[in-house]
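Encoded as structure tokens, the structure appears first; notes follow it.
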Amino acid sequence: MAADSDPESEVFEITDFTTASEWERFISRVEEVLNDWKLIGCRVGKPPEKGEYTSGIWEETSLEINFADFKFSITHHCLKQESAESEGVDEPEEDAYPLAMQDLLCMNNDFPPRAHCLVRWFGMREFVVISPGANCEAIVSESKCNLLLSSVSIALANTGCHVPLFVQIQQKWRRMFAGECQGPGVRSDFEIVHLRKVPSQYNHLSGLLDIFKNKIGCPLMPLPPINIAIRFTYVLQDWQQCSWPQQPPDFDALLTGEVGGVEFGKLPFGACEDPISELHLATTWPNLTEGIVVDNDVYSDLDPLQAPHWSVRVRKADNPQCLLGEFLMEFFKLCCRKETTEEILGRNSVEEEGKENSDITQALSKLTEPAAVPIHKLSVSNMVHSARKRIRRHKRVEESPLNNDVLNSILLYLFPDAASDKSDSSDVKSTQPSPGGKTEPDKDSEDYHLYNQLKSASCDSLTYRLALCICMVNFHHGGVRAVAHLWQEFVLEMRYRWENNCLIYGLASGPPDLRCCLLHQKLQMLNCCIERKRARDEGRKNATSDGSRDKSRLAPESAGPAEVSPGKSWDSWSDSEEEFFECLSDTDEMKDADTENEKKPANKSKAEGRLQPHGKITLLNSQEPLYIPVTQEPAPMTEDLLEEQSEVLAKLGTSAEGAHLRARMQSACLLSDMESFKAANPGCSLEDFVRWYSPRDYVEEEVSDETGQTVIRGDLSARMKIPGNMWVEAWETAKATPARRQKRLFDDTKEAEKVLHYLSVQKASDLTRHLLPCVLHAALLKIKEEESTEDIPSVRKALQNLTSHASKLLRHPSPDFKKLEEVINQMSAVEAVVAIARSLKAKFGITKGEREEDGDELERFVSCLLEEPEVCVVGAGRGPAGSIIHKLFVSSQRKHWAKIDQNELENTGYQL
């Protein structure tokens, strides 16, 4: 006793029961989650309406919980409904059944076509599922399953939660769940049995009723009648009796080279195989009572043709082969190629490089050596062109990826203006007022909005047609080698047009359109260079023919495209000679002008470069009218040049010297205009120039003179009077020089060579990235064109989302290619939907001239199949759609039995 009363000895006998086990922690965590989701207590709700499980919105909330080191995912599934308070639902009684048990007895949503498997099996609107986490093994052992079920039972009892809670057991593909639902004085256990083979006694209704009654264990005798809902599902997989409506491509035309504008102007569309793999027919008998129908192993009243309710769903084939999707994906794969054009073509690059270098070296040596030969034969451009011709002749010896017929057809499609005879091609090309008839697209047109969004090019542009040709050549005529060959020929054609003053067909006149892709801008820049060069040549031609050089060069930049003589010598086309000639002529003319100005009084200087009077305005220092001068047009720029210019200006820094230098670099056009203005208006002042160039910087106000009369006097604005103003400095340094004798603001020769060099160094991957917006643009237009004949609302909505998504990706300087690949996959999916619509129309005979009322009904039925997961058949087996479905099954069954009979006959030695 003394030992028992000793306090120290009692300490060692105390057991600490406050330490929680892993099992208790797991139960506690489940209870916390149920409390956080507010799933405690009895829940109130109105009975679900018919079809609400399919049309309603299901919400899912998931969390991760741990049982020791094993991860579980707990997910709450709930059908979103209006709150019970807004519907005026009364508070439930204390002993009311849980909402899940009420849903079990409701027959409004017995067979939802699209829902969680537990919803289809038990018909509940709300439940919680605990399943093993990702990369975790399945709960297979019986002891672990019982441990989880006991945890669930304890958590439900402790929290008073009336929402059923399930645990996923066995392998996930088996979709086996065990669960429990507790209420006041009632509990429901949910069990699932997965059998490898169904016992024969459970293949009919009477056997299923027997097992149901045994499981219920109702003590009432006799048993009350049981309500039954029956559904049989039949699967049709054999479509041999239906012809696939897809028209195959004309392979003969593609292989023989007969590929004119008809083939190369279009993208293929459609599925190569039937995109529908299965048709599921569900025959349903809803709300039956036991004893009304008989279905046992001997006899059955359940005839599918007599079922009061038919519903159909179609199953899409896995990854159907779609033509447009394959075209786009094969083109997109070129983005990953890193080889250059020379590496792809794999020709004798070393030998060709040696020949080219020798030719160019000879050209440069001949230019530097004194020799009595015409200068036009020694120009760099002429010698390079001759060397390239020799290289092309050498390359023709080997077999080219594209044969001549296909290549000529493609070039004729790209450049229709080259269809005339070679003898007068220069005249025809150069006299076109608008090459290719290309004009500014209508701003309200669909094409304008699309290419503006995607940063592509208009449908009638050269860039757009080039993208289609590259895509077709890559798929049908040799892949990346054919693409490299076509691109090489295209670049050579561009150089030929530059050297021969031929405008590029299919490009809008004017500066580069920054809304288009960079490649289109480069081609427009080259076209601007050709236009400027032709204008100068035309001015020299007129000066020679008219004998009045000054008059003919009054406005060389504003001269429109004119005819160039095909026999014109290389004098006017030699780029190097033009540069030297203009510099010398400008110097001589400037010296002559200075000499004349010294001899004549200042007020009698000869005015040059006048365009037209500027209204009735006169000069401030005299009564001479103020003339608008002929000025140089500003230099056109592409977006990459603008970025380079911005970077250069930004690198100058924020210092005073940097800001001053930046202002001077940006005022080159201003200085040119000032010199032109001084030449056109001798004796003018800066105020006169500002009145024309920037009227808002010349402020006029009414003042009183010495005699008291009101007069209007003007003065420069405050910003013009700031010390060190760039306008004042530029005016002081500007000389009276007309535009024709000024240094060119836009050196078309230099810019053209830069563009040609840029084109020549483009790899196949670079070319694909440049043309990808145009290809996606063409694909979207093709899908819209095909959808317009089918009228599918889901496709129109998908196209809007695709356009918006692609627009965001393509306008990024470095687009994400994985996301672009997703866009192409989505386009292929939309293409498959259109193909499914055509397949269904062909199977249901909509295009075969059925009766008008039946045709309308069938069209509505097919349209619903595309938009909804499951569609009811009006009239069941007796309606127009039901009779066609019945014929399809009968035909498939006949073919099946005929095949079996044939096999039996062959096995016995007989043949039909």
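Predicted model, so just to flag it, every value in this text is computed and none were measured.
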Decide whether Trp37 and Thr61 meet the rule of one side-chain donor and one side-chain acceptor closer than 3.5 Å.
-> no
Indicate yes or no: at least one non-hydrogen side-chain atom of Leu281 is less than 4.5 angstrom from one of Leu236.
-> no
Evaluate the side-chain proximity of Leu79 to Glu126: yes if any heavy-atom separation is below 4.5 Å, no if none is.
-> no
Ionic contact status for Arg796 with Asp791, cut-off 4.0 Å = yes
Would you call the rings of Phe122 and Phe166 parallel, tilted or perpendicular, where under 30° means parallel and over 60° means perpendicular?
-> parallel
Whether Asp816 side chain and Lys818 backbone form a donor-acceptor pair below 3.5 Å = yes
Please lay out, stage by stage, how Thr75 and Glu60 fare under the test side chain to side chain donor-acceptor pair (under 3.5 Å).
-> CA-CA 7 Å; Thr75 306; Glu60 293 185 10; over 6 Å; no
Check the side chains of Ser794 and Glu867 for a donor-acceptor pair under 3.5 angstrom, ignoring hydrogens and angles.
-> yes
Give me the ring orientation class for Tyr234 and Phe232: parallel if the planes are under 30° apart, tilted from 30 to 60°, perpendicular past 60°.
-> perpendicular
Min side-chain heavy-atom separation Pro275-Glu273 under 4.5 Å | no
Answer with yes or no whether the side chains of Tyr299 and Asp301 bring together a donor and an acceptor at under 3.5 Å.
-> yes
Donor-acceptor under 3.5 Å (Gln893 side chain, Val890 main chain) | no
Under 4.5 Å between any side-chain heavy atoms of Ile40 and Leu34, yes or no?
-> yes
Nearest heavy atoms of Arg175 and Cys117, plus distance in Å = NH1-CB, 4.0 Å
May I ask you to decide whether Lys316 forms a salt bridge with Glu278, counting only side-chain N to carboxylate O separations under 4.0 Å?
-> no
For Gly123, does its backbone N or O pair with a side-chain atom of Tyr53 as donor and acceptor, under 3.5 Å?
-> yes
Can you find a heavy atom in the side chain of Met124 that is under 4.5 Å from one in the side chain of Pro164?
-> yes
With the threshold set at 4.0 Å, does a side-chain nitrogen-carboxylate oxygen contact exist between Lys38 and Asp36?
-> no
Over 60° means perpendicular and under 30° means parallel, so classify the ring planes of Phe127 and His77, tilted if in between.
-> parallel
Nearest heavy-atom contact between Leu205 and Asp295 is N-OD2, 2.9 Å
Any Asn227 side-chain heavy atom under 4.5 Å of Leu288 side chain | no
Is the shortest side-chain N to carboxylate O distance from Glu32 to Arg29 below 4.0 Å?
-> yes
Just by distance, with hydrogens left out, do Thr284 and Arg231 show a side-chain donor and acceptor under 3.5 Å apart?
-> yes
